[in-house]
Amino acid sequence: MHWADVAAKALSHKGDKHIVSTGITPSGEFHIGHLREILTGDMIARAARKAGLDVEFVFIVDTADPLRKVYDFLGPEFEQFIGHQLGSIPAPDKDGNPDWVRFEKEGWTYGDHFLKPFLQALEQIGVRPRIIDNLESYKAGRFDQLTKRACDRADEIREAIERISSRELADDWFPWSPLDSKGSLDGVKVTGYEYPLVHWLDSHGVEGSSDISKGEGKLPWRIDWPAKWGWIGVTCEPFGKDHGAAGGSYATGREIVQILGHEAPHPLTYEWISLKGQGAMSSSAGNTVGPIEALELVPPEILRLLVAKSKPNKAIEFDTGMSLVTLADEYERLAARDFNSELADEDLTRRQRVQIEDAAGAMRMAVLEEGTTAEATAVTFRHLALLAQTKSTDQDVWSSLQKAGAISEPNQSLVDRLNRMRAWIASKHFPEEMKISILSHPNDAALQQLDQDDRPVVAALAQSLAACNWDAETIGSAIPQAAKDLGLTPKSGYRAAYAALMGKERGPRLAPILAEMRQNEIVSLLNQCALSLE
RNA sequence: GGGCCUGUAGCUCAGUCAGGUAGAGCGUCGGACUUUUAAUCCGAUGGUCGCGGGUUCGAACCCCGUCAGGCCCGCCA
């Protein structure tokens with residue numbers, strides 16, 4: 001069973017109606033690590049729907065969280081907003097300074113700035129959650145009753161947090177952080193409480209009162225989370241391994257939510273995504289790949305496959321180089337399989353069966369539109385990379401594929417894929433290994449690798465290519481023919497051609513590439529190679 | 001200090017919950033396709049299941065210990 005189906009099954013034991021929730025703080029650039037959170041939730045919801053459950057998928061944007069510090073991408077002016085809520089301060093402009101104009105005219109906030117592009121990415125990747133803005137929810141009084149309960153039973157909550165996380169809370173700790181006279185959550189002392197008011201004294205020596213029912217402040221993180229479970233009615237939530245550890249926020253949350261009068265959701269802890277060779281992704285370290293950037297290179301269904309095929313507790317190493325090609329080709333292979341007929345085989349061992357079921361499940365989760373079946377495009381990533389590099393127009397690419405019988409008319413997903421491929425090729429991420437390049441000088445090392453028998457082919461090839469019509473078809477037949485004329489197999493022709501022209505043992509189809517080059521340069525290169533072999 | 005996760009073929013991982021002959025994909029190697037050589041198809045190769053004990057007729061799986069990597073007990077997906 002696929003991991004999402006396992007989670008769905010666990011949910012089905014608890015009832016028929018479910019809310020799967022995810023949440024992210026928009027404190028900086030979103031990266032593909034955040035995508036795992038939301039895709040994990042989306043996949044559980046998908047599996048639950050397939051299991052016949054009534055399920056809603058929500059995404060909570062934690063705009064009520066305060067700005068923790070002046071990040072590297074922010075200008076010094078943001079110093080004044082430390083402790084202020086992300087949904088109530090201006091966004092950084094291009095230079096990292098507060099964009100007051102948009103803030104005042106459009107209400108464009110720090111949270112919006114980072115959230116909006118992420119939402120676009122979600123749309124592209126087929127995730128359409130109900131979005132809940134946390135700050136607005138506070139202001140609308142959604143947290144009111146649960147906050148009242150938390151304040152009324154502050155001692156119980158304090159006891160739970162201290163016992164479970166084995167940390168000591170300050171004497172003046174209170175389960176509500178009021179906003180101070182400047183709008184900050186930092187350094188505010190609670191001096192009294194009578195619902196709905198929490199009285200405070202801030203770091204500027206100002207006294208005031210915070211109205212819980214109007215959201216003039218927020219619950220501290222460890223209570224904020226269970227309170228959300230309560231008022232939204234969350235029954236399942238995936239979260240990063242940081243929250244999942246013993247003593248972590250889920251452990252305290254599951255008890256606190258009971259104090260608040262609700263049940264804890266079914267948990268699912270997932271591992272982080274790291275960038276290959278660079279460790280965990282972190283916005284401050286700058287080693288991130290944003291969801292938008294990733295989607296410019298990778299078809300969304302392939303990004304989905306990456307998450308779908310990895311069990312949540314497995315760390316994922318994301319890599320925009322060769323692994324992407326492997327992953328994309330894996331998608332194509334999987335799409336071409338007929339899992340139902342494979343599973344019909346009675347002789348399968350339990351292991352083989354599980355493996356086929358998991359692959360089928362992963363593909364169900366990977367397709368963009370829920371309930372559809374992936375269709376193989378009949379063009380591998382590798383092949384598309386080749387065509388995109390050798391054909392200057394899209395139409396030439398389609399013609400080549402049509403000629404090969406791979407497609408009749410390109411469908412939309414193939415068109416998208418070609419656009420992404422061109423973006424990938426143009427980006428710094430495109431791997432050297434995939435780049436097609438014809439040598440400008442003989443590569444002696446590669447030539448020496450050639451068998452003695454194959455060496456004469458180089459000279460023969462130089463002659464026949466010098467004489468032939470310079471089109472892909474003619475070149476294509478000249479290469480094997482040159483070998484045959486010498487009593488060798490076509491393979492010898494290719495070996496010689498690759499060694500001489502690309503300095504490799506094998507490579508992509510040569511003829512269409514050569515046809516794009518100048519005939520005299522190719523012939524001259526072959527002649528030089530022939531000379532150096534003598 | 002306390003706790004969680006991970007460790008299985010060259011690589012990525014299934015299999016551990018319900019103990020029963022070590023599995024897949026990729027890679028590699030070989031063959032076929034006698035002009036689509038990053039393609040496709042066929043075949044082969046490949047593992048003291050981190051290590052040491054214990055329970056058992058039988059352990060990758062359960063128990064105890066141990067090593068290594070990652071993480072949590074302020075904030076982080």
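Here is the naming used below: chain letters follow the sequence lines, and residue numbers restart at 1 for every chain.
Side-chain proximity of D358(A) to rA14(B), rU37(B), rA38(B): nearest is rA14(B). The side chain of Y494(A) has rU35(B) as its nearest neighbour among rA38(B), rU35(B), rA14(B). Here the nucleotide nearest the side chain of W272(A), chosen from rC76(B), rC75(B), rU37(B), is rC76(B). Set against rC26(B), rU37(B), rA14(B), the side chain of R333(A) has rC26(B) as its closest nucleotide. The nucleotide whose nearest atom lies closest to any side-chain atom of W221(A) is, among rG15(B), rC71(B), rC75(B), rC75(B). For K484(A), the listed nucleotide lying nearest its side chain is rU34(B); candidates were rU34(B), rU6(B), rU37(B). Side chain of H243(A), nearest nucleotide from rG25(B), rA14(B), rC76(B): rC76(B). Proximity note for D242(A) (side chain, C-beta onward) versus rA38(B), rC76(B), rA14(B): the nearest is rC76(B). The side chain of I436(A) lies closest to rA38(B) when the candidates are rA14(B), rU6(B), rA38(B). Between rC71(B), rU12(B), rG23(B), one nucleotide has an atom nearer to the side chain of K309(A) than all others, and that is rU12(B).
Rounded to a whole angstrom, the distance from the C1' atom of rU16(B) to that of rA59(B) is 10 Å.
Side-chain polar atoms of D133(A) and T63(A) form a donor-acceptor pair below 3.5 angstrom.
Ranked by how close their nearest RNA chain B nucleotide is to the 5' end, K435(A) and E330(A) are led by E330(A).
Salt-bridge formation is not detected for the pair R158(A)/E168(A): no Lys NZ or Arg NE/NH1/NH2 atom is positioned less than 4.0 Å from an Asp or Glu carboxylate oxygen.
S184(A) contributes a side-chain N or O that, together with a main-chain N or O of D186(A), makes up a donor-acceptor pair within less than 3.5 Å. Side-chain N or O atoms of R36(A) include one that pairs as donor or acceptor with a backbone N or O of E271(A) at under 3.5 Å.
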